[in-house]
S.K.: 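Sending over a structure as structure tokens; questions will come in a sec.
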Amino acid sequence: MSSLDTQFLSLTEHHGRYEAINPAAALKDSASGKVIFITGGSRGIGQATAVAFAEAGARAVYLTARSEPALEETRELIRQANPNTQCAYSTCDVTRPEQVEAAVADCVKTFGGIDVADANAGHLAHWAKIGESDPDHWWHTWEVNVRGAYHVIRFCIPHLIESAKKWAAEGSSGGHLILLSSVGAQMLSPTGSDYQTSKHAINRLCEFVTVDHGQDGIKCFAIHPGGVATELGQNMPEEMHAYLTDSPELAAGFIVWLASGNADWATGRYLSANWDVGELVSLKDEVLHDDLLVNRLRARL
């Protein structure tokens, strides 16, 4: 059976923001001129990511979530972080394609495009053995985690392609797509079948984005955001709460780093926000040569 201890590279682990991924220091102005589209941006990791992009100089951040008061709170935090970063939002259920399409269209109408799309919205309900699970609750996890991510991909892709072309012409990097995965994607935890299989699917979906649209300039990553004690994270079995030791700012800074172009070589792969980015980059040749950090069948000939 897989465990958390076997799902990490032998790299220095971080549990909070550090210099290399600090959007207000090492990554200052790395998002300058860019428009960021974030689902699930009203709290937790999504909220921290929105603020981090503002700190990194984003021209605009567009937020979606189901709660308008919480979205307004995030907008105020963005204003405090950087008064020059514009912000707009709309309420949106990511499982509804027409709502995601409308939100994307509103973002493009308001700000002129999308340079980074962050499919952050997720769902994790009470865990149960498959034979004791509620069919509707089990499938709803897939609806939010996989179908919701697909909707963001589907409706943002045309605009991300334009972004990639625009920034490439300027000698820079655009067209970044971030999918929230989890270390759970690699695990087999009893009672976690809905959540962990949905996140496993996210990793393969990330690969397909690269296969289908890498030639269009899209850079897609499936990331483990760390163990964050969000409301969603607290829904895991109590014995797993000891792993919830990471700050939401860790994932936020890591996402800004990915969108800066520093990891474009790793497109289509699963990456952990806990991994030291300098040490990760040092493994570039090995990762590419051996096609690492992707889901594959293991077999011994």
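These figures come from a predicted structure and were not determined experimentally.
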S.K.: Do His159 and Glu162 have side chains that get closer than 4.5 Å, going by heavy atoms?
M.R.: no
S.K.: Indicate the atoms forming the closest heavy-atom contact of Lys34 with Gly174, along with that distance.
M.R.: NZ-CA, 4.4 Å
S.K.: Quick one: does Thr49's side chain have a donor or acceptor within less than 3.5 Å of a partner on Ile45's backbone?
M.R.: yes
S.K.: Should Asn82 and Thr85 be marked as a side-chain hydrogen bond (donor to acceptor under 3.5 Å, both in side chains) after you check the CA-CA gap, both sets of side-chain angles, and the distance that decides it?
M.R.: CA-CA 6 Å; Asn82 185 351; Thr85 296; 3.1 Å; yes
S.K.: Can you hop from Ile178 to Val209 via hydrophobic side chains spaced under 4.5 Å?
M.R.: no
S.K.: Enumerate the residue pairs fulfilling salt bridge (charged side-chain N to carboxylate O under 4.0 Å, His left out) with a member in residues 142-161, sequence neighbours excluded, ordered by first and then second residue.
M.R.: Glu143-Arg147
S.K.: Test side chain to side chain contact (heavy atoms under 4.5 Å, CB included) on Val104 and Phe37 and set out the steps.
M.R.: CA-CA 8 Å; Val104 169; Phe37 181 88; 3.7 Å; yes
S.K.: Please name the pair of heavy atoms, one in Ala20 and one in Trp257, separated by the smallest distance, quoted to 0.1 Å.
M.R.: O-CD1, 4.0 Å
S.K.: Around atom CD of Glu68, are there more than 12 heavy atoms from other residues, nucleotides or ligands closer than 6.0 Å?
M.R.: no
S.K.: Between atom CG of Leu9 and atom OG of Ser272, what is the distance when rounded to the nearest 0.5 Å?
M.R.: 8.5 Å
S.K.: What pairs meet the salt bridge (charged side-chain N to carboxylate O under 4.0 Å, His left out) rule with one or both residues in residues 209-224, with sequence neighbours excluded?
M.R.: none
S.K.: Can you confirm whether Asn22 sits close enough to Leu27 that some side-chain heavy atom of one is under 4.5 Å from a side-chain heavy atom of the other?
M.R.: no
S.K.: Assess the side chains of Ser90 and Asp106: does a donor N or O sit below 3.5 Å from an acceptor N or O?
M.R.: no
S.K.: Membership question, hydrophobic clusters at under 4.5 Å side-chain separation (ILVMFWY): are Val281 and Tyr18 in the same one?
M.R.: yes
S.K.: Looking only at side chains, do Tyr89 and Glu72 share a donor and an acceptor under 3.5 Å apart?
M.R.: yes
S.K.: Go through Cys87 and Arg75 one step at a time and tell me if the side chain to side chain contact (heavy atoms under 4.5 Å, CB included) criterion holds.
M.R.: CA-CA 6 Å; Cys87 181; Arg75 180 159 70 174; 3.7 Å; yes
S.K.: Are Tyr62 and Ile38 packed together at the side-chain level, in the sense that at least one heavy-atom pair is separated by less than 4.5 angstrom?
M.R.: no
S.K.: Say whether, by atom type as modelled, one donor and one acceptor occur between the side chain of Asp276 and the main chain of Thr12 under 3.5 angstrom.
M.R.: no
S.K.: What distance separates Thr39 OG1 from Arg66 CZ, expressed to the nearest 0.5 Å?
M.R.: 11.5 Å
S.K.: Working to the nearest 0.5 Å, report the span between OG of Ser30 and CD1 of Ile21.
M.R.: 11.5 Å
S.K.: Does the pair Leu11 and Asn274 meet the rule for a side chain to side chain contact (heavy atoms under 4.5 Å, CB included), with working shown?
M.R.: CA-CA 9 Å; Leu11 304 178; Asn274 294 111; over 6 Å; no
S.K.: If you compare all heavy atoms of Gly16 against all heavy atoms of Leu250, which two are closest, and at what distance to 0.1 Å?
M.R.: O-CD1, 3.5 Å
S.K.: As an exercise, state the distance from SG of Cys220 to CG of Leu205, rounded to the nearest 0.5 Å.
M.R.: 7.0 Å
S.K.: Within the 4.5 Å heavy-atom criterion, are Trp167 and Ser173 side-chain neighbours or not?
M.R.: no
S.K.: Of the non-hydrogen atoms in Phe111 and Arg59, which two are nearest, and what is the gap between them?
M.R.: O-NH2, 2.7 Å
S.K.: Over all heavy atoms of both residues, which pair between Leu63 and Thr74 is shortest? Give the atoms and the distance, please.
M.R.: CD1-CG2, 3.6 Å
S.K.: Is it the case that Ser42 and Glu73 place a side-chain donor and acceptor less than 3.5 Å from each other?
M.R.: no
S.K.: Got Pro23 and Arg17 here, is their nearest side-chain heavy-atom distance under 4.5 Å?
M.R.: yes
S.K.: Hey, could you give me the CD1/CD distance between Ile130 and Glu132, rounded to the nearest 0.5 Å?
M.R.: 11.0 Å
S.K.: Is there side-chain contact between Phe254 and Pro225, with heavy atoms separated by less than 4.5 Å?
M.R.: no
S.K.: Could you check whether any side-chain N or O of Asp134 sits under 3.5 Å from a backbone N or O of His137, counting only pairs where one atom can act as donor and the other as acceptor?
M.R.: yes
S.K.: Is a side-chain N or O of Arg204 found less than 3.5 angstrom from the main chain of Asn295, in a donor-acceptor match?
M.R.: yes
S.K.: Minimum heavy-atom separation for Asn203 and Ala185, please, with both atom names.
M.R.: ND2-CB, 3.5 Å
S.K.: Taking the side chain from Asn120 and the backbone from Gly40, do they hold a donor-acceptor pair closer than 3.5 Å?
M.R.: yes
S.K.: Please step through side-chain hydrogen bond (donor to acceptor under 3.5 Å, both in side chains) for the pair Thr141 and Asp194, ending with a clear verdict.
M.R.: CA-CA 6 Å; Thr141 300; Asp194 54 350; 3.2 Å; yes
S.K.: Under a 4.5 Å side-chain heavy-atom rule over Ile, Leu, Val, Met, Phe, Trp and Tyr, are Val256 and Ile218 clustered together?
M.R.: no
S.K.: Angle class for the Phe155/His151 ring planes (parallel below 30°, perpendicular above 60°, tilted otherwise)?
M.R.: tilted
S.K.: Do Ser133 side-chain atoms and Pro135 backbone N/O form a donor-acceptor pair below 3.5 Å?
M.R.: no
S.K.: Given the rule in the side chain to side chain contact (heavy atoms under 4.5 Å, CB included) test, do Val116 and Phe53 qualify, once you have shown the distances and angles that lead to the verdict?
M.R.: CA-CA 10 Å; Val116 180; Phe53 271 112; 4.0 Å; yes
S.K.: Students often mix this up, so state it plainly: with edges at 30° and 60°, are the rings of His123 and His140 parallel, tilted or perpendicular?
M.R.: perpendicular
S.K.: Mind checking the NE2-CD spacing from His289 to Glu286? Nearest 0.5 Å is all I need.
M.R.: 10.0 Å
S.K.: Are Glu207 and Arg296 ion-paired here, with the side-chain N under 4.0 Å from a carboxylate O?
M.R.: yes
S.K.: In the structure I gave you, are the side-chain heavy atoms of Ile255 and Phe221 within less than 4.5 Å of one another anywhere?
M.R.: no
S.K.: Any side-chain donor paired with an acceptor under 3.5 Å for His15 and Asp246?
M.R.: yes
S.K.: Determine whether Val144 and Asp93 make a side-chain contact, defined as any pair of heavy atoms from C-beta on separated by less than 4.5 Å.
M.R.: no
S.K.: Checking side chain to side chain contact (heavy atoms under 4.5 Å, CB included) between Arg269 and each of Thr210, Asp291, Ile223, which is the one that passes?
M.R.: Asp291
S.K.: Tell me whether Phe208 shares a hydrophobic cluster with Ile153, the cluster being built from Ile, Leu, Val, Met, Phe, Trp, Tyr side chains joined at under 4.5 Å.
M.R.: no
S.K.: So which of Asp115, Asp118, Asp264 actually passes side chain to side chain donor-acceptor pair (under 3.5 Å) with His176?
M.R.: Asp264
S.K.: Is it possible for you to say whether Trp142 and Val152 belong to one hydrophobic cluster, with membership spreading through side-chain heavy-atom contacts below 4.5 Å?
M.R.: no
